[in-house]
Every structure is written in structure tokens, then in C-alpha cells.
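In what follows, a structure is listed as C-alpha cells, so that the remarks can point back to it.
Each chain gets a letter, A, B and so on, in the order its sequence line appears, and its residues count up from 1.
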2 protein chains.
Amino acid sequence: MAGAGQPTIDEVARLAGVSRGTASRVINGGAHVSPAAHEKVLKAIEELQYVPSRAARSLVTQRNDAVALAISDANPRLFTEHPFFSEVIVGIDTVLAESDLELMLVLGASVRERNRLRRQLSSRRVDGIMLLSLHGEDPLYELAEQADVPVVYGGKPLGVEPPHYVDADNRGGARQAVEHLVTTGRQRIATVTGPMDMDVGVARYHGFRDALGSAGLPAHRVANADFTAASAVRAMADLLDRFPDLDAVFVAADSMAAAALGVLHERGRRIPQDVAVVGFDDRATALTTHPPLTTVHQPVQALGAEMAKMLLSLMAGRPAGHADPAHAAGHPAIDVAQFTVTENECVARPVPPFQSSKPASTSISHHEFWR
Amino acid sequence: MAGAGQPTIDEVARLAGVSRGTASRVINGGAHVSPAAHEKVLKAIEELQYVPSRAARSLVTQRNDAVALAISDANPRLFTEHPFFSEVIVGIDTVLAESDLELMLVLGASVRERNRLRRQLSSRRVDGIMLLSLHGEDPLYELAEQADVPVVYGGKPLGVEPPHYVDADNRGGARQAVEHLVTTGRQRIATVTGPMDMDVGVARYHGFRDALGSAGLPAHRVANADFTAASAVRAMADLLDRFPDLDAVFVAADSMAAAALGVLHERGRRIPQDVAVVGFDDRATALTTHPPLTTVHQPVQALGAEMAKMLLSLMAGRPAGHADPAHAAGHPAIDVAQFTVTENECVARPVPPFQSSKPASTSISHHEFWR
DNA sequence: TCCGTTCATGGGAGCGCTCCCAAAAAGGTC
DNA sequence: GACCTTTTTGGGAGCGCTCCCATGAACGGA
């Protein structure tokens, strides 16, 4: 009868010689419990190896102590190719680890998975949702809106302004990257863009235009890609076909830049003598290419961490309604990632802390491209 | 009173004009329910947007419809640098999507996270556990053994033979890679190994030794690394210092090979004229390097999928105890990944299906290294 | 028409917990 | 020692579901 499956709180209480209520109190922080009882319960828990049933607890508290990360991208290849997602996950996990929340991962590639996602998000199994990589007309956006738990977006969805999201200043970063090309004397600057149905793709493209516009240079050398290596190869080849005289390329992601580099090599372009290349995203990838890629660094882990923090504060604010002095004017709807300034070899340089609501200071990692 | 929070099954039943039991039957497959009642319940569900509470269901069924993927690696950087983990996740998710199971992701980098992991795995919140990337003396192994849910390992833990795991024939794959170097006339072959406290690191190193041993070549040109790019840079530099005359390197992971390539370039080695390089893992990474990396491909997604399938069958077998004819002799404890044979440029080549319990046929992607 | 079967249905019990209230115990004060 | 206050404790109620058993309806054969 006892010891059948997992021990229950009643068994703990019995062993400790106290009531179920007292045992529960000890488990949940131990307020209003005499030291003697506290001690006894603790010992019983230890002896029985008791771990509370989350299901039973959730049923009564109506909380789940779990959050979901939904990655809604039609292209599973992107998830594996692009370190972005892993970085975000690590950032999120770092924050979650401190709060004992579980992380549910939902990939939403296929229609089938999309339905599953729908079910999972609405089965009251999680207390908050983080949404990543939303394309333009992503049906998930709608779904998330009608969820009755807080939702935080990673990357602003295209065309809408959701109440809570975290994003980097993609436009400013791209602008700086391209300005750097201009500064070093490049004249015929091209770009391989990200997907134009995502804000990140559009914003970086706008940054490209901004920089060239200010410099009085033409901005018509454009080829679209979708962040995958294969698409970048096509786009780079396309650019070279259409504009054989281009002397610089701004590629909207490092993983794509690495692929573009291969095409340039193949076509006999010397880098950086013939064509300069600037990427965007992370330093790690940039260093494995040859030559090491010049890149604008985006603190993706910090972005993930910020998403998690924002979600946490949303979740806390909901039931308690307490006003956090730091956020007196309401929750910050937008956080702007700072780009890292790195002027030298940067393998071991620590990532500067992510900061909220400050003007984005962007920067560029110099490598031998510019020597 | 009604409509307060989420609708309950009772509200559905009331609206449909049937009893709670009948509503429940419809929700769970609809056996022994008259067409009329069935119809009415479905309509009520639709109208109320009812989704069953997982917590309540779990409490009574003692199931969770969730599995955990625990990645127990001390190095968070590895997770972000190495596409391996993303690939595994995608593979797992593909299988899970068909079974409506949730995936909890637990990273176990820090001690704090390790404790959290411990708690999560024993809080009866998941029905099965997949463990990835276990290092030598990982305490998690013990913990998993005493968990009362099925456990599947991704990658054989070092020094033990767990009942259920999925792994690739790392030794055979490495051997083939190195044999390839031998075949093309290389004499002074070195290796950058993976972590030697993981089976994958040791096995690939053994494969290296196997090949050189058979060829009668010395196998002393060895530098250890841990799968991170930084460690590979160090190891490659170390090899060049100690064995300036080396004419080939087998690098135990593509992500490391990319980094090693940079070092070789820097030191003025021409590739492949002076030094040939072979990597190990995935084709995608291999193509973004310059020149494109020759590599032994490991179908990592398939490995993830296989882990999930194994776990699923374990979970199903437990309560039902039904004997699957295909696995008549008991569950297969070991699955061996086939390596992909690709003799040409291979961007678009489909991955051959992953197969169980067959001799590993290994192969190598040819690129201009060998032209 | 009556009775034995089969099948659909209703609803009680209970999963393991937290919440809350009432009761008991412990302190403090005059 | 009587009385009031505070702290600690016990245990009932109930979260939303599934399981199961008893009941009722429908059906078919004699």
C-alpha cells in the first residue's frame, strides 16, 4: 500500500508525525512551522526521497512552473545551420536556471508541428511563451495573442508592434557595417539580405540603404536570401553575375557570409583586395572562416536572457500586480541590443552586458580584411 | 461562475447536455459513444474552445505526455558552436511531433543547473529521458539509472554499457577517414581529437590508430581538444609546433576542422598541397569552409530521431508489455549510425535513411582537397 | 410479450497537492 | 490563575480530470 509508486506528501506527513498541512508548509518555504516540526518533515522527505508531484501542484495552484520556447520557422535547416537559435536557448536557460522553471521546446516547422504547437500552448501547460523567428504572416502571432499567458517575442514580428518583445537594433547595426565599408573606400557595395518577410531581414536591408544613402552611393546591388547557406550561395553567385564589378558585400548573417566567401573564392575574387566582406551576428562563426570575417556582433545570448527576464517579470507582475520601481513606467516593451565594439582579434573577448533601452552602439570586429 | 478561467470538462458536458463521463469518452477517442452525443460534445468543445488540462489528466493517469532531453555538458559554448545539438533536437522533434509528446529541454552546464536538472528529472514530470553528451564520470548517469522512467543515451557513455543507447560507429568512421588520407599517399598524419573523457572522442581516436596501424604508419601525432573551436586552434598550433612536417590532419569534428583550417592558413600551409584535412560530422559546416572540407558525414538528425523512437518504444513497452516481432529478442540496445557516402559536391544530396543494427558503411565527401 | 444481451450513459471516487479555516497550543499580562 | 493574543497545527474542500461500476435503454430471439 505504501511504497507502491512515488511517495506522497501524506506519507511524508505520517512518517514525520505531523499533518499533511504542516508537511506542505515545510515544502513551500516553511513559514509558520515550529523548528521541531520543520526538522522532522525535512528528515522524512530525505528518507523517502520525496519529490512533490508537479501535476497535483499545478492542478491546485493553476501554475505550471514551465515556459515554452516556440520556434516557428518553416525551415528546419535554418535551425541547425544557424547558431542563433542555440545561442538564444543558452541565454534563456541561464535565466531560467535561477528560477526553477522548466523549458518546453516546440519547433513549428511543418503544419503538423504547427498544430501540435497550438495544442501545447493552449493546454495551460506553460505559464509563459517566448516566440522566435516569426515570419511575416505567421499564424502563430494570432495564436499567441489569444493565449491567456504572457508572450514575449524574440525579434519584432514584421508589420506589427506586439506589446512585449526583445530585439536588437538591426538597422543601426547594418548601417554601421556598411558605413565601415564606405569608410574604407569601397564604392560598389552589394548586399545579401535576410528573408524579407522577417523584420530582421528588412531592418538590416534598410540599414544598408541608410548607409549608402548618406554616402551618396547607389544601393541597387541587392540579392535576397533566407539565412540558409544554400540561399546565400545562390544570392552571391547572382550578385557576381549581375554586378561583376562589385567591390564589397554586406551579408546579413555570418553563416551566410561564410558560404558567400566560398563563392567569391571560387570565382577568383581575392578577399579583401578585390571584394570586402562584412557579416552580421556572432564572432564565433566569423573566426572559423578564411580569412576571418569582419562582422557586427550581436549579443544573441543576451537577447535570449533578456527575453526570459522580460517573460519572468511579466509572469510575476500578472498575479501580484506589484509595481517594480525600475520599470515604473510600465514594462519596457522594447529592448535594444547593443552591438559589440571589437577592434582587434576577439576570440577571447568577453561579451559586454546586454543593456536595455539605450541607443545602440554598434561596432565592428576588425580582421585582416582591412589590413 | 462559469467562464471564469479556462472551460472545464464539466462545462463542456453541460453545454452538450451529456454527463462528464461521456464528454471524457469523446475527448479520449470516443469509443462507446452514440453518434448523436459524440456530435454534441464536439460542438460544445468547439464552442468553448475547450482544451483539456494536462495537469488534471496527468494527476489521474500518472502520465505526463512529455519527455526530457538533458544535455549535460559542462561547456555551454559547445552547445552554441556545434550544430550537433541542434541537429539532434530536430531529429527528436520530428519523431515527437507524431506522438503529441512535449519536449522539455534541460541544459546541465553549471552546478546550479545540474541541481535543477536533477529535480526536474525526478519530479515525475516526464515519462522518459534522453541524455546527451555525457562525459566520463558524469553523476547524471547514476541519477538516470535510478530514475523510474526509461532512459536513452545519445552517444555511449564512456566506460559503461547502458541498457539503451544510440550511437554512431565513430571508430569505424574515423578509421575510414584516415584510411582515405593513407590511400591518397599521406605519410605523416596527425589528429586533433575530441575530449578524451567522452566515448566519441576516444572512439574516433581509436579509429585513427586503427587506420595508421594497418598501414604501418606511426600514430603519435596527436593533440587533444574538446570540440570547441578555441581548443582546436590551440591543438592545431601545437601539432604544427611539434610536427612541422605533418602532411595531413584528421580533425575529430568539422567545427574544429574549420578552426584548424584557419591556423593552417595562418602558418602558410597550402591546403591540400601541403596539408590534407579531413573532418568528421556534418556536410553543412564542411561546405562553408575554404576550401570545402572533406568530411565523414554522420547523420545526426537520424541519430536524434532514433533516440526518440527508442524511447517511445520503451515507454510503450513498459505498461503494455507487448512483444514487437521486429524486436523479438528484446529491445535493441545499440543502434549504429551509417555514415554517408558522398563522392562529389554534396550540398543537395539527400541523407540516406538511418539504419539500425547494420554494419556501418562509412564514406567520405570528396572536395577539391583531392583533386 | 418477456427476457437475456449488448451498448450507451451517469456519476461517485479519487489522483496528490494547496488553501483556508477552525481548533489547539503557547506566550504574555494583570 | 484567568484571560487575551499570537503562533502552530489538523484536516476538509476542491482543483479537473479519468476510471469504473451501476443503471438504463435498445435490441433481438423465443
Measure the distance from [atom1] on [X] to [atom2] on [N] and round it to the nearest whole Å.
{"X": "A/R124", "N": "D/dG16", "atom1": "CZ", "atom2": "P", "value": "7 Å"}
{"X": "B/L59", "N": "D/dC19", "atom1": "CG", "atom2": "P", "value": "12 Å"}
{"X": "B/R20", "N": "C/dG12", "atom1": "CZ", "atom2": "P", "value": "8 Å"}
{"X": "A/D10", "N": "D/dG11", "atom1": "CG", "atom2": "P", "value": "11 Å"}
{"X": "A/D65", "N": "C/dC17", "atom1": "CG", "atom2": "P", "value": "14 Å"}
{"X": "B/R57", "N": "C/dC17", "atom1": "CZ", "atom2": "C1'", "value": "20 Å"}
{"X": "A/R14", "N": "C/dG16", "atom1": "CZ", "atom2": "C1'", "value": "13 Å"}
{"X": "A/Q6", "N": "C/dG16", "atom1": "CD", "atom2": "P", "value": "10 Å"}

**Prompt:** In terms of the nearest nucleotide of DNA chain C, which residue is placed more toward the 5' end: A/P7 or B/A31?
**Reply:**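 Closer to the 5' end of DNA chain C: B/A31.
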
**Asked** When the nearest nucleotide of DNA chain C is assigned to B/H38 and to A/A55 on a heavy-atom basis, which residue is associated with the more 5' position?
**Response**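 The residue closer to the strand's 5' end, by nearest nucleotide, is B/H38.
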
Could you work out which one of [options] sits closest to the side chain of [X]?
{"X": "A/T61", "options": "D/dC19, C/dC19, C/dG16", "result": "C/dC19"}
{"X": "A/T8", "options": "C/dG16, D/dG16, C/dT18", "result": "C/dG16"}
{"X": "A/Q62", "options": "D/dT18, D/dG10, D/dC15", "result": "D/dC15"}
{"X": "B/V60", "options": "D/dT8, C/dC7, D/dT18", "result": "D/dT18"}

Counting only side-chain N and O atoms of [X], is one of them less than 4.0 Å from OP1 or OP2 of [N]?
{"X": "A/S19", "N": "D/dG10", "answer": "yes"}
{"X": "A/S24", "N": "C/dC17", "answer": "no"}
{"X": "B/H32", "N": "C/dC7", "answer": "no"}
{"X": "A/T22", "N": "D/dG10", "answer": "yes"}
{"X": "A/S34", "N": "D/dT9", "answer": "yes"}

Of all the heavy-atom pairs spanning [X] and [Y], show the shortest one and how long it is.
{"X": "A/T22", "Y": "A/A37", "result": "CG2-CB, 4.1 Å"}
{"X": "B/V300", "Y": "B/V88", "result": "CG1-CG2, 3.4 Å"}
{"X": "A/P52", "Y": "A/I27", "result": "CG-CG2, 4.1 Å"}
{"X": "A/L48", "Y": "A/P7", "result": "O-CG, 3.4 Å"}

**Asked** Are the side chains of B/E11 and B/T8 in touch, meaning some heavy atoms are under 4.5 Å apart?
**Response**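 Side-chain contact under 4.5 Å: yes.
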
**Request:** Take B/D100 and B/D65, measure what side chain to side chain contact (heavy atoms under 4.5 Å, CB included) needs, and give me the verdict at the end.
**Result:** CA-CA 7 Å; B/D100 205 22; B/D65 301 317; over 6 Å; no

Distances under 3.5 Å between protein N/O atoms and the N/O atoms of nucleotides 20-27 of chain D, please, pair by pair.
| from | atom 1 | to | atom 2 | distance (Å) |
| --- | --- | --- | --- | --- |
| D/dC20 | N4 | B/R25 | NH2 | 3.4 |

**Asked** Quick one: does A/T94's side chain have a donor or acceptor within less than 3.5 Å of a partner on A/V90's backbone?
**Response**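 Checked: pair present.
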
**Asked** Which sits closer to the 5' end of DNA chain D, B/A23 or A/A37, going by the nucleotide each is nearest to?
**Response**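 This one resolves to A/A37.
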
**Asked** With respect to B/L101, which candidate in B/L96, B/L311, B/N64, B/I92 satisfies the side chain to side chain contact (heavy atoms under 4.5 Å, CB included) definition?
**Response**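 With B/L101 as partner, side chain to side chain contact (heavy atoms under 4.5 Å, CB included) holds for just one option, B/L96.
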
